[in-house]
Number of protein chains: 2
Amino acid sequence: MNAKKKQIIDAAHRLFIEKGFALTSIQDILDEAGIAKGTFYNYFASKNECLMAILEFVKEEGDQKRKELAHGKLKDNEKVLVAQIAIRMNINRKHSIMAVFESVSVSDDTDLKTLLKNQHIEELKWLSTRITEVFRFENRRYSLDHAVMLLGMVHHLMHVWKLGTSKEIASEEVIQFALNRLKPIIEEQMQSKEVFFQNDWLPMSIDPSVTDSTEMKKKVLVKLERLDKKVGKMERIDQKKSDYIKFLQDELQAEWPRTFLLESVLMSLSHVFEQSDYEHEVNQLSKMVWQLMEQIEA
Amino acid sequence: MNAKKKQIIDAAHRLFIEKGFALTSIQDILDEAGIAKGTFYNYFASKNECLMAILEFVKEEGDQKRKELAHGKLKDNEKVLVAQIAIRMNINRKHSIMAVFESVSVSDDTDLKTLLKNQHIEELKWLSTRITEVFRFENRRYSLDHAVMLLGMVHHLMHVWKLGTSKEIASEEVIQFALNRLKPIIEEQMQSKEVFFQNDWLPMSIDPSVTDSTEMKKKVLVKLERLDKKVGKMERIDQKKSDYIKFLQDELQAEWPRTFLLESVLMSLSHVFEQSDYEHEVNQLSKMVWQLMEQIEA
DNA sequence: GCTATTTTTAGACTATCGGTATAAAATACT
DNA sequence: AGTATTTTATACCGATAGTCTAAAAATAGC
């Protein structure tokens, strides 16, 4: 990642932790990072996009630590599970990110909402497989239920704890308590066979909230426009990228976009953006176009 | 309640449901209600205060319905409990209030935060006594734990449901499922005797976050100022109210405020504001002064 | 080391928002 | 009818997110 970008992210990160997202103005970030406004908007299209970069960074960090924790331990080690869950909680607490997580739900930024949603989905998927690993494997049919309930309990216990005191409590303590409560649930549910979520409940789609294909197309075009702008600005003249993007824009606006062409160009686009700062963005774009085409053809 | 005030509240309410709190501007409310800006600020000191009025209104509505539901039924009727919990959930869902509930946590409006906190506390207290009523009375030592975990499960189950589909689900279904999961927890916890929250865990204080008495005093004075302004504007000349407020302002700024005088005047103030629109506000003020005096004397 | 290119800067600018202020018009009270 | 109160329209303020530009600074390629 570009050094300047990292510098901005770090500054914003510090401020978000210190004062919270909503109460941190762009100007604050500029002052903290010691940069000009133009520089900021050179790297992020908005404050939200900056937050998204931070969230992604933080998630990576957490995933890494979780891996390290598991290293050399048996998969069914309960203490490891507790510690792993605690990592995310501690990071979230340290970074005051739970607040952000919820505060954005009233924002209209679809990208940010999607990011949060997807991170949440991934967390649940991870936890539900971990639960099958730690507990009796036969509970796998209910493991998503268990993951959801466990997280719900943990978060709410923590929340209520904060209602009553400003003292800190070790996340592990909360998690262990909730986990102990989960155990009888697991036993009971395997008896009663009552199930709430099938294990394939969680979607992997990028943005299921948009079902209208014209809306979707508009969003894709906006994304392309943004990407084009960035490419025009940032890269040493790379006509190819620009050409690809232009083509996609034209083709998408045609009455019957040719799927095979889109597919091909998207592949190429992903390829030329590999390992760049925009890899993620391009991948997302690609998925969105796919989804769009499916809708149009249906 | 004043008709005009109700008119504004209704308009704002509709808009908050439709577009969410953050995305509804004051101007939107003015247009929807067909009033001028001045009128709005005649009744509410801020957008947040308007939201607070709505939240209080909605809570009342819910409490009422819960009472009606319980009427004539036995206290240990499980179905009644489920329906009662569902009421608040449905209202929250209908009013998109969960979003608000969380979104405000990043705001710096202490009043609003306090209101939400207090409503949350009340909900938990209510639920924990209801749980002892419905289930074995011997579980009362753990009933707060159970209330917290039940709500945590319910909310998270609902949240994850929405991640996977846009289909509606009956709140009762979610609640019943979570309640069935709670049962083995209750049994197990009475065995293991592991407890997380003592039943006196929840505070009743108005704003425990402010521990600094000078900060507190400042807040009280601001509140008095606001109240004074309103009184000056709204009521037909009522010198008494104004006098009381002025006195409180002076006395509080004295080096050693005389507790007995404050007490007396606060009583009178509560009395003259009884059944007015500001009853709640005055009561809160009163509690804050009490808390303040305790701190000062300690 | 020089030049061409890119990045960064400072700051002016727009539009929106929450909130204040005020004078005139409408309404209510007596 | 005359006075007090509420409501309106509108101008205004300061803060904010975001755009744009022209010039300075940094950096790359040769």
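As the structure is a prediction and not an experimental result, all values here were calculated from the model. Naming: A, B, ... by sequence-line order, numbering from 1 per chain.
- Note on Y43(A): a side-chain N or O is less than 4.0 Å away from OP1 or OP2 of dT8(C).
- No hydrogens or angles were tested; on distance alone, a donor-acceptor pair under 3.5 Å links the side chain of K37(A) to the base of dG18(D).
- DNA chain D is contacted by both T24(A) and G38(A); T24(A) maps to the nucleotide lying nearer its 5′ end (nearest heavy atom per residue).
- N42(A) and T39(A) share no side-chain donor-acceptor pair at under 3.5 Å.
- In this structure, K6(A) pairs ionically with D10(A), as a charged nitrogen and a carboxylate oxygen lie closer than 4.0 Å.
- The interatomic distance linking Q27(B) (CD) with dT8(D) (P) rounds to 13 Å, in whole Å.
- Closest approach of L15(A) and T24(A) over heavy atoms only: O-OG1, 3.5 Å.
- Following rounding to the nearest Å, N48(B) (CG) and dG19(C) (P) show an atom-to-atom distance of 7 Å.
- Nucleotide dA28(C) holds its C1' atom 13 Å from the CG atom of N2(B), rounded to whole Å.
- Aromatic ring orientation, H13(A) versus F57(A): perpendicular (interplanar angle above 60°, classes split at 30° and 60°).
- Following rounding to the nearest Å, Y41(A) (OH) and dG11(C) (P) show an atom-to-atom distance of 18 Å.
- Each of dT6(D), dG18(C), dA17(D) was ranked by its minimum atom distance to the side chain of I26(A); first place goes to dA17(D).
- Across the protein-nucleic acid pair, F40(B) atom CZ and dT7(D) atom P stand 14 Å apart, rounded to whole Å.
- Residue contacts shown for T39(A) include a base, since a base heavy atom lies under 4.0 Å away.
- Rounding to whole angstrom units, CZ of residue F44(A) and P of dT19(D) are separated by 15 Å.
- Remark: P of dT10(D) and CG of L30(B) are 13 Å apart, rounded to the nearest angstrom.
- For K47(A), whose side chain is taken as the heavy atoms from C-beta onward, the closest listed nucleotide among dA17(D), dT6(D), dC17(C) is dA17(D).
- As a whole-Å value, the separation of N42(A) CG from dT8(C) P is 6 Å.
- Panel note: side chain K47(B), backbone F21(B); a donor-acceptor pair is recorded below 3.5 Å.
- Here dT7(D) is the nucleotide among dT16(D), dT7(D), dG18(C) with the atom lying nearest to any side-chain atom of K4(B).
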